[in-house]
Amino acid sequence: DAGVIQSPRHEVTEMGQEVTLRCKPISGHNSLFWYRQTMMRGLELLIYFNNNVPIDDSGMPEDRFSAKMPNASFSTLKIQPSEPRDSAVYFCASSLAGVATDTQYFGPGTRLTVL
Amino acid sequence: KQEVTQIPAALSVPEGENLVLNCSFTDSAIYNLQWFRQDPGKGLTSLLLIQSSQREQTSGRLNASLDKSSGRSTLYIAASQPGDSATYLCAVAHNQGGKLIFGQGTELSVKP
């Protein structure tokens with residue numbers, strides 16, 4: 001299995017631009033998680049899906065952030081408009097059933113820089 | 001609100017030494033606790049998962065313990081190697097849905 005796939009690996013954009021991050025979970029996994037990692041705040045859960053349905057989006061910072069999971073093999077995290085404080089590494093993770101007993105498998109991350 | 005703290009923030013040891021990383025959490029109502037490893041520029045890799053009903057888990061040279069009542073967990077690494085150099089994060093699952101709350105991590109450096 002290729003593991004969790006994220007694209008792009010690096011993104012540099014200017015303030016005000018729209019940014020779309022993509023994730024392909026491990027085949028057969030029913031839950032998908034989006035995290036953000038910064039030096040100041042560490043690793044924070046933004047949103048997670050179970051069977052393509054958003055379960056908890058309480059970590060999404062504001063309306064500029066949106067996430068979708070149109071099918072079991074693809075998810076996007078969109079930031080519109082982007083701001084310099086959005087600069088971070090964004091990780092996607094997936095797990096088999098989305099319960100606390102499952103191991104989460106992380107992708108390599110997307111390093112976002114907003115100038 | 002659940003808070004997870006890891007001490008120390010950084011640790012440097014000579015090769016071969018046994019070491020302990022610490023993790024504490026403020027709310028003992030957890031479903032499980034997990035330890036992850038993160039290499040520079042990479043994603044996280046799960047090392048050990050301890051269910052709330054368990055006291056410890058072992059994998060090779062790694063042993064993780066959990067004391068829910070005191071809100072503490074330790075990760076013991078035996079006979080450390082330079083390849084163990086990485087950041088180690090602990091995370092608690094605060095509900096059945098798998099939502100994880102992470103500590104800030106301990107950056108470990110094992111010197112040859």
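Heavy-atom basis, side chains included; hydrogens, waters and symmetry copies ignored.
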Colleague: How many angstroms lie between CZ in A:Phe91 and CD in B:Gln38, if you round to the nearest 0.5 Å?
Modeller: 4.5 Å

Colleague: Are A:Phe33 and A:Ile55 connected in the hydrophobic side-chain network, where two residues link if heavy atoms are under 4.5 Å apart?
Modeller: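 Yes, because A:Phe33 and A:Ile55 connect within a single hydrophobic cluster, where side-chain heavy atoms sit under 4.5 Å apart.
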
Colleague: Check the pair B:Leu49, A:Asp102 against side-chain contact (heavy atoms from CB on, under 4.5 Å), reporting the backbone distance first and the verdict last.
Modeller: CA-CA 9 Å; B:Leu49 186 155; A:Asp102 284 347; over 6 Å; no

Colleague: Treat each ILVMFWY residue as a node, draw an edge where side-chain heavy atoms are under 4.5 Å apart, and state whether B:Phe25 and B:Phe36 are in one component.
Modeller: no

Colleague: Hydrophobic clusters here meaning ILVMFWY residues chained together by side-chain heavy-atom distances under 4.5 Å, can you tell me if A:Trp34 and A:Val4 are in one?
Modeller: no

Colleague: Tell me, yes or no, whether the heavy-atom count around B:Glu107 atom CD, taken from other residues, nucleotides or ligands under 6.0 Å, exceeds 12.
Modeller: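 No, the 6.0 Å shell around CD holds no more than 12 heavy atoms from other groups.
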
Colleague: Can you confirm whether A:Tyr105 sits close enough to B:Thr45 that some side-chain heavy atom of one is under 4.5 Å from a side-chain heavy atom of the other?
Modeller: no

Colleague: Just verifying a value: how many Å separate B:Gln34 CD and A:Thr103 OG1, rounded to the nearest 0.5 Å?
Modeller: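 It is 6.0 Å, given to the nearest 0.5 Å.
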
Colleague: Any chance you could lay out the side-chain contact (heavy atoms from CB on, under 4.5 Å) test for A:Arg41 and B:Phe102, step after step, and finish with the verdict?
Modeller: CA-CA 10 Å; A:Arg41 300 176 64 91; B:Phe102 283 83; over 6 Å; no

Colleague: Counting neighbours of CZ on B:Arg72 that are heavy atoms of other residues, nucleotides or ligands and sit closer than 6.0 Å, is the number greater than 12?
Modeller: no

Colleague: When clusters are formed by joining ILVMFWY residues with side-chain heavy atoms under 4.5 Å apart, either directly or through shared neighbours, do B:Leu100 and A:Leu45 land in the same one?
Modeller: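 Same hydrophobic cluster.
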
Colleague: Could you tell me which portion of A:Gln37 (side chain, backbone, both or neither) has an atom closer than 4.5 angstrom to a non-hydrogen atom of chain B?
Modeller: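 Contact with chain B involves the side chain of A:Gln37 alone.
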
Colleague: Count I, L, V, M, F, W, Y as connected when their side-chain heavy atoms are under 4.5 Å apart, and connections chain through other members. Are A:Leu46 and A:Val89 then in the same cluster?
Modeller: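 Per the 4.5 Å side-chain linkage, A:Leu46 and A:Val89 are not co-clustered.
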
Colleague: Of all heavy-atom pairs between A:Met39 and B:Gln104, which one has the smallest distance, and what is that distance?
Modeller: O-NE2, 4.3 Å

Colleague: Using side-chain heavy atoms (C-beta onward) and a distance below 4.5 Å, is B:Leu44 in contact with A:Leu43?
Modeller: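 B:Leu44 vs A:Leu43: side chains touch.
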
Colleague: Could you report the tightest heavy-atom contact between B:Lys99 and A:Ser58, atom names first, then the distance?
Modeller: NZ-OG, 3.3 Å

Colleague: With a 4.5 angstrom heavy-atom cut-off, is it the side chain or the backbone of A:Thr110 that approaches chain B, or both, or neither?
Modeller: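 Neither the backbone nor the side chain of A:Thr110 comes within 4.5 Å of chain B.
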
